[in-house]
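Worksheet: the structure to be examined is printed underneath.
Model, not experiment: these values are computed from the prediction. In listed order, ligands and their atoms are each counted from 1. Only this structure's heavy atoms are used, side chains among them; waters, hydrogens and symmetry mates stay out.
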Amino acid sequence: MTAHGRLKVVVARELLPAGAKQLAERFELLSGGLESTRDELLDLVPGASAIVADPTVSIDDELLEAAGSGLRLVANFAVGYDNVDRSACMRRGVVLTNTPDVLTNATAELAMGLTLAAARQIPAAERELRGGRWSGWDPADYRGIELSGATVGVIGMGRIGIRYARLMKTFGGEILYTSRGRKPKEEAELGARMVNLDDLLSGSDVVSLHLAAAPGNRHLIDSRAISLMGPDSILVNTARGSMVDSLALASALAEGRLGAAGLDVFEDEPDVPAALLDAPRAVLTPHIGSATYRSRDAMAELVARNVIAVLEGGDPLSPVNLSPEGK
Ligand code: 8YV
């Protein structure tokens, strides 16, 4: 509670007006800003009832301790929450919320866009043209991979994976997937087949990652996994950078052992390894999966509705299960 009798809500970096406006009407709202440092955040959180975070903000014991015992909620502006120490939240009775559903279409559409852009080398072709290096039409120039009839492997058949599978099914190929459990509805609707990871990697023309990051899937796509993929196949990652060994991927692209890659996420954002920047047939975007007007506004609104619900004594709209086995 602040001197003005209002509960204090701290936005670690920035919340879009679609959410910030509602919070500012009810609470004392403080924002660190996009450039805020860890130390500035530690100075900002004492006495906060809620913290609004995003994947770039590490929510750990130290930060929760600095906020103090009045902290009731961490509202993450993202569906992923690998930036949050869930057991630390659980120990302190702090609720964690995320923003599922509202970004499903946006993220799946970007994954599809990266798939197409990588298959046809659209960014590299455009760079050549803009760089004044287009010397004339050449029948051998920029020949790419055709997606019609391609087998698409979806690693992680959750909400975003399913949406991506539906979009990619329009190319008419087969859908393979890995998942914790069978998806009978998608099997019936898309003819999708659940297989093990190795069979997915060796049997797909396109492999797209849609898993939540976890310690157990760090470098899930390493040099061995890449070696199972065909030399014309495409790897797409809009999930988390930690799941792909960037250097192994860059070597495979440089040596022609992999067809192309479309990546929106990186291991140590915003740093992108030079090897990837230099790799041929790699399309790289700066973590824009959910960046549509509709999705980002809906995410901000959902963050605000979660904060309001919890601080006004109700139930969170989209709580994260904090138990160790929870997803
Ligand atoms: C971005 C995401 O993190 O929701 C996620 O998990 O990775 C993306 O939505 C988000 O846009 C940045 O806050």
Transitive ILVMFWY cluster of Trp134, excluding itself - 4.5 Å side-chain cut-off: Leu129
By side-chain contact (heavy atoms from CB on, under 4.5 Å) - contacts of Ser31 (at least two apart): Val11
Lys/Arg-Asp/Glu bridge criterion (N-O < 4.0 Å) met for Glu189, Arg166: yes
CG-OH distance between Leu322 and Tyr81, expressed to the nearest 0.5 angstrom: 8.5 Å
Derivation of the side-chain hydrogen bond (donor to acceptor under 3.5 Å, both in side chains) call for Thr37 and Asp39: CA-CA 5 Å; Thr37 63; Asp39 284 344; 5.5 Å; no
Give the table of side-chain donor-acceptor pairs shorter than 3.5 Å for residues 100-113, with sequence neighbours excluded, one pair per line with atom names and distance.
unit_1 : atom_1 : unit_2 : atom_2 : d
Thr104 : OG1    : Asp101 : O      : 3.2
Asn105 : OD1    : Arg163 : NE     : 3.0
Thr107 : OG1    : Leu103 : O      : 2.8

First-shell residues of ligand 1 [heavy atom, distance under 4.0 Å]: Asp54, Pro55, Phe77, Ala78, Val79, Gly80, Leu103, Arg240, His287, Ser290, Arg296, Met299
